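Worksheet for the structure shown next.
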Amino acid sequence: MKEFLFTDWSDDMDNVRVRFAPSPTGSLHIGGARTALFNWLFARNRRGVFILRLEDTDTGRNLEEAVTQIESNLRWLGLDWDEGPDVGGPLGPYCQSERSELYQREAQRLLENGHAYRCYCTPEELAQQREEARKRGEVPRYDRRCCELDEEVCRAKEAAGIRPALRIKVPRTGTTVVSDLIRGKVSFDNTTLDDIVIQKSNGGPTYNFACVVDDHAMQISHVIRAEEHLSNTPKQIVIFKLLGYDLPAFAHVPMILAPDRSKLSKRHGATAVEEFRTEGFLPEAVVNYLALLGWSPGDEQEQMMVEEIKSRFNFEAVSKHAAIYDVKKLTWLNAQYLNALPLSRVVEAAFPFMQEAGYIGDTPDSGELEYLTRVVETVRSRVHTLVELCDASRYFYRSDFEYDEKGVRKHFTKQDVTRLLAKGREALAGVPADQFTVAETEKAYRKVIEGLKISGGALFHPTRLALSGRTVGPGLFDIVATLGRNECLSRIDQAIDWIHSQLA
RNA sequence: GGCCCCAUCGUCUAGCGGCCCAGGACACCGCCCUCUCAAGGCGGAGACACGGGUUCGAGUCCCGUUGGGGCUACCA
């Protein structure tokens with residue numbers, strides 16, 4: 001009801017329909033994810049429709065697994081779609097491999113009205129033609145030798161088993177202008193557009209053709225995609241016009257480059273959304289980071305939840321130049337979210353990692369859950385990822401750790417360290433179990449320090465090492481209170497024994 | 001090679017002619033806080049690619065150069 005009251009229905013007149021159209025050749029990398037995000041942000045911002053479409057026209061390189069990967073990664077990021085292969089929709093199907101009839105029908109139309117022609121040249125012949133043109137110092141361009149073939153010649157070729165490709169007879173005069181929401185007007189001389197192949201000899205559509213037919217059929221209002229497609233756009237516009245379609249609006253977003261300024265690829269380390277997930281990044285942080293890569297809210301705010309990004313997103317604030325991704329900043333953002341998000345959310349996100357490590361079972365009871373929450377609360381402020389969080393939690397679940405070697409030398413080799421530890425143990429033992437809090441245990445320890453006239457560190461450091469095996473970590477009494485009385489006492493005993501046996 | 005896009009600190013960016021001897025964030029360095037490590041606070045170093053114009057005045061507009069990226073497939 002509330003939403004209804006604040007809805008600006010005038011925006012609905014725009015009828016925004018956008019699509020993310022990946023080719024299922026591999027995992028979703030951050031470039032694709034960012035393109036999807038911008039589409040989604042725009043759709044949600046304008047109360048439009050976000051569509052997922054699979055560009056799987058190249059049967060030779062489709063991985064079934066890639067589809068589920070892409071879908072699962074988009075869902076993980078929180079980018080939900082209104083129409084798509086799995087959910088269907090009024091203008092489906094949403095896999096190009098299932099729409100061949102449409103492409104063939106539209107290609108046939110172009111053939112019949114003379115805008116397209118059959119080309120019997122083989123790839124080898126075309127390569128040779130290009131090579132020759134290059135040798136002559138000319139711009140390699142198809143010479144249209146198949147353009148005016150007689151019907152008989154065609155029939156003869158086909159009788160000989162040669163299947164034709166279909167080409168568009170692109171006008172060789174004039175210019176084609178791309179009106180881009182981010183870059184303004186970009187014009188291309190039509191002579192630089194070669195005769196576009198729209199149908200391969202195997203009968204399948206080419207990317208540039210299927211894309212145009214589908215964008216029209218699916219009533220796409222805004223084509224938002226990576227900049228690498230800007231050069232394809234004039235070709236697509238020619239097809240749009242020849243087919244009698246209205247043009248959608250175009251927005252070419254800058255690309256995301258690897259640290260060495262080259263196009264993203266697997267050898268650049270973690271670039272797939274899946275990897276970020278397994279490395280312990282939160283979707284909230286990844287979305288925030290990706291939004292900042294190429295878009296800026298205009299002020300100095302950087303940490304924004306998706307709702308806010310959504311409400312502030314617009315193309316005017318999208319930059320024109322490519323960006324290089326920097327894991328360090330993502331890592332920082334992730335740490336920020338680890339601390340800013342509600343504890344329950346972080347626990348939920350940490351859950352699978354803790355399970356994987358064997359710290360919690362498949363069906364944890366409320367006690368386990370309570371303890372997990374406590375552990376996450378005490379370690380989350382000093383870790384950057386869920387993997388780190390899991391690692392930093394280890395000693396809360398295992399007491400079989402080794403003592404840090406440097407720590408042993410520094411804190412366990414002192415003359416009377418076992419006496420000190422025993423004093424500390426005694427102090428903790430004196431705190432009633434139901435009062436075993438950070439404040440009370442610290443109070444007890446401070447009393448020991450005062451009585452012995454020693455520095456705090458002299459007691460704190462050996463105790464931390466005894467309890468966790470580590471020299472770094474949360475505040476000592478956060479560890480103490482989380483671990484609980486019995487565990488603390490037994491670990492101190494264990495440490496005293498160890499020192500006696502190892503360092504006597 | 002041809003065509004197209006782009007160009008502010010190492011990285012992400014603010015800047016849409018005077019408010020900029022250029023602001024923020026990450027990373028880096030120093031100090032503070034402190035039981036350790038983080039976090040946090042404070043401070044530091046660090047950029048308008050270059051050359052011409054236009055203008056009283058240019059990071060901001062125009063041209064060129066250089067550099068980077070993309071496209072140039074019967075890949076998408």
Side-chain angles (χ1 to χ4, degrees), chain A residues 21-25 55-58 60-61 96 119 121-123 126-127 130 134 137-141 163-167 178 180 182-183 186-189 191-194 197-208 210-211 226-235 252 254-255 257 259 261-263 289 292-303 316-317 319-333 335-336 339 379-384 388 392 407 411 442 445-446 449 455-461 463-465 468 470-477:
Chain A
S23 165
T25 52
E55 309 233 318
D56 54 352
T57 54
D58 186 353
R61 44 182 232 181
Q96 293 190 326
C119 173
C121 298
T122 65
L126 292 168
R130 274 194 294 271
R134 210 195 336 265
E138 290 167 16
V139 177
R141 198 169 56 176
R163 310 297 307 167
L166 257 39
R167 283 180 185 272
V178 179
D180 191 275
I182 294 168
R183 282 148 223 286
V186 183
S187 52
F188 296 81
D189 197 321
T191 55
T192 65
L193 272 27
D194 211 348
V197 175
I198 57 170
Q199 193 176 89
K200 307 176 208 172
S201 52
N202 68 8
T206 58
Y207 160 73
N208 279 314
C211 185
E227 199 203 324
E228 55 186 320
H229 292 292
L230 183 56
S231 298
N232 284 320
T233 308
K235 297 179 191 176
H252 288 92
M255 301 190 59
L257 268 26
R261 302 205 66 86
S262 69
K263 221 173 158 178
Y289 177 73
L292 254 21
L293 218 52
W295 172 78
S296 162
D299 58 20
E300 273 155 15
Q301 192 178 349
E302 301 229 289
Q303 289 171 50
E316 280 196 5
S319 59
K320 296 181 172 76
H321 56 271
I324 295 168
Y325 84 97
D326 176 18
V327 197
K328 291 219 183 84
K329 188 155 181 172
L330 206 210
T331 305
W332 168 79
L333 250 185
Q336 295 294 310
N339 285 289
V379 299
R380 71 165 167 172
S381 78
R382 53 208 85 211
V383 295
H384 299 97
E388 279 182 27
H411 307 302
E442 175 158 11
Y445 246 54
R446 295 280 178 197
I449 291 163
S455 71
L459 183 55
F460 293 148
H461 296 317
T463 306
R464 170 179 286 104
L465 190 59
S468 69
R470 305 185 189 191
T471 58
V472 300
L476 178 59
F477 302 101

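Given the structure is predicted, the values throughout are model-derived calculations rather than measurements. The chains referred to below are lettered A, B, ... by the order of the sequence lines, with proteins before strands, and numbering in each begins at 1.
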Minimum heavy-atom separation for [X] and [Y], please, with both atom names.
| X | Y | result |
| --- | --- | --- |
| A/A392 | A/V379 | O-CG1, 3.7 Å |
| A/I182 | A/H252 | CD1-O, 3.5 Å |
| A/S381 | A/N339 | CA-OD1, 3.0 Å |
| A/P24 | A/D56 | CG-CB, 3.9 Å |
| A/E388 | A/V383 | OE1-CA, 3.5 Å |

Under 4.0 Å, counting only non-hydrogen atoms across every strand here, what does [X] touch: a base, just sugar-phosphate, or nothing?
| X | result |
| --- | --- |
| A/I198 | nothing |
| A/R130 | sugar-phosphate |
| A/S296 | sugar-phosphate |
| A/G457 | nothing |
| A/E138 | nothing |
| A/G475 | base |
| A/S381 | base |
| A/S187 | sugar-phosphate |
| A/P234 | nothing |
| A/S319 | sugar-phosphate |
| A/G204 | nothing |

Within less than 4.0 Å of OP1 or OP2 of [N], is there a side-chain N or O belonging to [X]?
| X | N | result |
| --- | --- | --- |
| A/S231 | B/U72 | no |
| A/K200 | B/C75 | yes |
| A/T57 | B/A76 | yes |
| A/Q336 | B/G40 | yes |
| A/R446 | B/C35 | yes |

Suppose you measure atom [atom1] in [N] against the same atom in [M]; what distance do you get, rounded to whole Å?
| N | M | atom1 | value |
| --- | --- | --- | --- |
| B/U11 | B/G2 | C1' | 33 Å |
| B/C42 | B/U65 | P | 48 Å |
| B/G52 | B/G59 | P | 14 Å |
| B/C62 | B/G24 | C1' | 31 Å |
| B/C9 | B/A49 | P | 7 Å |
| B/A22 | B/U66 | P | 30 Å |
| B/A39 | B/A76 | P | 48 Å |
| B/G30 | B/G15 | C1' | 30 Å |

Residue matched to [N] through Watson-Crick or wobble contacts both under 3.5 angstrom:
| N | answer |
| --- | --- |
| B/A39 | none |
| B/C28 | B/G44 |
| B/A73 | none |
| B/A7 | B/U66 |

Using whole Å, report how far [atom1] of [X] lies from [atom2] of [N].
| X | N | atom1 | atom2 | answer |
| --- | --- | --- | --- | --- |
| A/W332 | B/A25 | CH2 | P | 8 Å |
| A/N232 | B/C75 | CG | P | 13 Å |
| A/K235 | B/A73 | NZ | P | 7 Å |
| A/Y325 | B/A25 | OH | P | 24 Å |
| A/E302 | B/U11 | CD | P | 16 Å |
| A/R261 | B/G10 | CZ | C1' | 12 Å |
| A/E228 | B/C6 | CD | P | 16 Å |
| A/E388 | B/C37 | CD | P | 16 Å |

pair A/F460-A/I449: side-chain heavy atoms closer than 4.5 Å: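 The answer is yes; the side chains approach within 4.5 Å.
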
Side chain proximity check, A/R141 to A/T191, heavy atoms < 4.5 angstrom: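 They are in side-chain contact.
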
Identify which nucleotide among [options] has an atom closest to any side-chain atom of [X], counting heavy atoms from C-beta outward.
| X | options | answer |
| --- | --- | --- |
| A/H229 | B/C74, B/G10, B/A76 | B/A76 |
| A/H321 | B/A76, B/G24, B/U8 | B/U8 |
| A/R183 | B/C74, B/C6, B/U13 | B/C6 |
| A/M255 | B/C4, B/U13, B/G69 | B/G69 |
| A/F477 | B/A76, B/C35, B/A7 | B/C35 |
| A/I324 | B/U11, B/G24, B/A76 | B/U11 |
| A/K328 | B/C74, B/C26, B/U36 | B/C26 |
| A/R167 | B/C35, B/A76, B/C74 | B/C74 |
| A/D326 | B/A76, B/G69, B/G10 | B/G10 |
| A/R464 | B/G68, B/U36, B/A25 | B/U36 |

5' priority, RNA chain B, between A/F460 and A/V197 [closest heavy atom]: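 Here A/F460 is the residue nearer the 5' end.
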
Earlier contact from the 5' end, RNA chain B, for A/C121 and A/G473: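 Comparing both residues, the 5'-ward one is A/G473.
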
Any N/O donor-acceptor pair, A/S201 side-chain to B/C74 base, under 3.5 Å: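 Yes, a donor-acceptor pair under 3.5 Å.
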
Pair A/N208, A/T206: side-chain N/O donor-acceptor within cut-off below 3.5 Å: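 There is no such pair between these side chains.
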
Distance-only polar pair, side chains of A/Y445 and A/T463, donor-acceptor under 3.5 Å: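 Side chains of A/Y445 and A/T463: pair found under 3.5 Å.
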
Gap separating the OG atom of A/S23 from the CD atom of A/Q96, nearest 0.5 angstrom: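 Spacing of OG (A/S23) from CD (A/Q96) equals 9.0 Å.
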
